[in-house]
Protein chains: 2
Amino acid sequence: MDQLFRHLKNFYHLTDEAREALAECFTKHVLPKNEYLISQGRVCRHLYFLEQGCLRGYYNLDDKEITHWFGFENDFVTSFHSFITEVPAVENIQLMEGCVLWAITKERLTALFNDHHDIERLVRIAYEKYYIRLEERFVNAQFRTASERYLQLMEQSPHLLDRVPLGYIAAYLGISQETLSRIRSKL
Amino acid sequence: MDQLFRHLKNFYHLTDEAREALAECFTKHVLPKNEYLISQGRVCRHLYFLEQGCLRGYYNLDDKEITHWFGFENDFVTSFHSFITEVPAVENIQLMEGCVLWAITKERLTALFNDHHDIERLVRIAYEKYYIRLEERFVNAQFRTASERYLQLMEQSPHLLDRVPLGYIAAYLGISQETLSRIRSKL
DNA sequence: GGCTTTATTTGACAACAGTCAAATAGCGAT
DNA sequence: ATCGCTATTTGACTGTTGTCAAATAAAGCC
């Protein structure tokens with residue numbers, strides 16, 4: 001759990017009391033490769049911190065699995081829409097490796113917000129960073145070419161290829177696997 | 001200012017004290033069409049609430065203006081990345097009509113967070129809704145065709161065409177103006 | 001109203017990306 | 001090492017979208 005708290009310092013420094021209260025609410029989960037963390041049609045009631053391993057979020061569109069997101073060490077993971085609105089998830093989250101995760105329920109998190117202003121602040125600040133990250137990805141997705149996006153992704157995460165099949169990366173970039181293969185052959 | 005507080009109730013119900021403190025921090029701005037709210041290269045220190053009118057966010061890419069966002073009545077407006085990170089904005093926000101806005105500085109908002117837990121909560125909840133909205137737009141942008149996106153946009157905001165030039169809408173959808181024109185001619 | 005400027009549509013063509021099908025490469029298991 | 005399965009690449013073809021240029025329509029101004 002040290003790793004989680006070290007990571008939280010990137011957002012905001014909690015008081016000791018808040019940290020202790022938070023520590024009480026997280027439970028550790030160790031799950032094998034290919035397991036599902038979230039399945040479409042079910043309400044997602046947990047927020048996960050990914051300590052070790054990697055996973056993907058995907059949904060089904062016209063019989064195809066569209067991988068739209070990857071999670072790695074130190075990422076927070078949930079079906080955000082479902083977690084917030086308490087509506088059944090439209091996506092699946094599947095482990096691409098065996099993972100170590102820390103989970104907290106929405107009920108517990110909400111209770112912590114009431115008791116600890118600084119936990120709510122930390123989350124507010126975390127949302128800001130996640131929002132900016134999504135905004136950048138959105139702009140790239142819409143206004144850059146496929147090969148620009150691929151090259152940028154390789155710069156940002158050169159380790160990606162070692163852990164994620166190309167087909168998933170192609171979906172993530174919003175292109176077909178064949179197109180990605182051709183982009184790669186021309187480098 | 002009534003309209004602002006009515007709108008805030010969609011996120012969270014503030015105490016009277018918080019509402020009064022907040023009211024003290026907003027200043028009214030009435031600006032004419034074509035005016036700039038935010039210009040690239042300058043740090044954006046304000047968050048705006050758009051009471052009346054509409055505006056667009058755009059940035060320059062290869063000599064072209066890419067309109068990536070519209071704001072209408074009851075939207076919060078800022079260059080979010082610049083506002084949060086205090087780095088110069090990469091985008092411009094220009095009024096497409098004469099507008100009535102309410103502005104608050106980042107300093108004042110931060111101070112309010114310290115004094116009023118419930119204001120920080122309101123913002124935390126607002127972030128959640130804005131995040132989900134962006135996520136939906138992202139998924140549509142990447143995994144739907146241009147005409148699907150156009151039709152969906154027309155369903156969601158049928159009023160858009162009356163207030164926004166087609167060229168801006170095309171950029172917003174991530175397609176050329178000519179392509180949008182051809183999509184429209186086939187309906 | 002007539003003139004100027006801007007917005008929108010249309011046409012022709014080239015570039016890009018998708019699809020389907022087949023070939024090859026890589027990997028795990030025995 | 002070999003077999004079998006999966007991942008990745010390649011080829012041929014099609015369809016969509018972008019670009020450039022020109023035509024038409026609409027809006028603003030005197």
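Only a predicted model underlies this, so the values are computations on that prediction, with no experimental measurement involved. Sequence lines set the chain letters: A, B, ... in the order given, protein chains first and strands last, and positions in each chain run from 1. Reckoned from all heavy atoms, side chains included, excluding hydrogens, waters and symmetry mates.
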In whole angstroms, how far is the [atom2] atom of [N] from the [atom1] atom of [X]?
{"X": "B/Leu166", "N": "D/dA25", "atom1": "CG", "atom2": "P", "answer": "16 Å"}
{"X": "B/Leu161", "N": "D/dA26", "atom1": "CG", "atom2": "C1'", "answer": "15 Å"}
{"X": "B/Ile183", "N": "C/dT9", "atom1": "CD1", "atom2": "C1'", "answer": "14 Å"}
{"X": "B/Ile175", "N": "C/dC16", "atom1": "CD1", "atom2": "C1'", "answer": "16 Å"}
{"X": "A/Leu173", "N": "C/dG18", "atom1": "CG", "atom2": "C1'", "answer": "15 Å"}
{"X": "B/Asp162", "N": "D/dA26", "atom1": "CG", "atom2": "C1'", "answer": "15 Å"}
{"X": "B/Met96", "N": "D/dA27", "atom1": "CE", "atom2": "P", "answer": "17 Å"}
{"X": "A/Lys33", "N": "C/dG28", "atom1": "NZ", "atom2": "C1'", "answer": "11 Å"}

Using a strict threshold of under 4.0 Å (side-chain N to carboxylate O), is an ion pair present between [Y] and [X]?
{"X": "A/Glu120", "Y": "A/Arg124", "answer": "no"}
{"X": "B/Glu178", "Y": "B/Arg182", "answer": "no"}
{"X": "B/Arg121", "Y": "B/Asp118", "answer": "no"}

Review point. If you take atom types as modelled and just measure distance, does the side chain of A/Arg182 reach the base of D/dG11 with a donor-acceptor pair under 3.5 Å?
Key: yes

Practice item. Please state whether the phosphate of C/dC16, meaning OP1 or OP2, lies under 4.0 angstrom from any side-chain nitrogen or oxygen of A/Lys186. Key: no

Review point. Side-chain N or O of B/Arg184 less than 4.0 angstrom from OP1 or OP2 on C/dT9?
Key: yes

Exercise for review: Using a 4.0 Å heavy-atom cut-off across all strands, classify B/Thr145 as base, sugar-phosphate, or nothing.
Suggested key: nothing

Exercise for review: Give one of base, sugar-phosphate or nothing for A/Leu180, where a contact means two heavy atoms less than 4.0 Å apart.
Suggested key: nothing

Of the nucleotides [options], which has the atom closest to the [X] side chain?
{"X": "B/Pro165", "options": "C/dA21, C/dG18, C/dT8", "value": "C/dT8"}
{"X": "A/Gln177", "options": "C/dT8, D/dT8, C/dT19", "value": "D/dT8"}
{"X": "A/Glu178", "options": "D/dG18, C/dT10, C/dA21", "value": "C/dA21"}
{"X": "B/Ser181", "options": "D/dG18, C/dT10, C/dG18", "value": "C/dT10"}

Exercise for review: Identify whether NZ of Lys or CZ of Arg in B/Arg56 sits under 6.0 Å from the centre of the six-membered ring of B/Tyr172 and within 45° of that ring's axis.
Suggested key: no

Review point. Mapping A/Ala146 and B/Thr179 onto DNA chain C by nearest heavy atom, which one lands closer to the 5' end?
Key: B/Thr179

Check your understanding: If we ignore angles and hydrogens, is there a donor and acceptor under 3.5 Å between the side chains of B/His68 and A/Gln142?
Key -> no

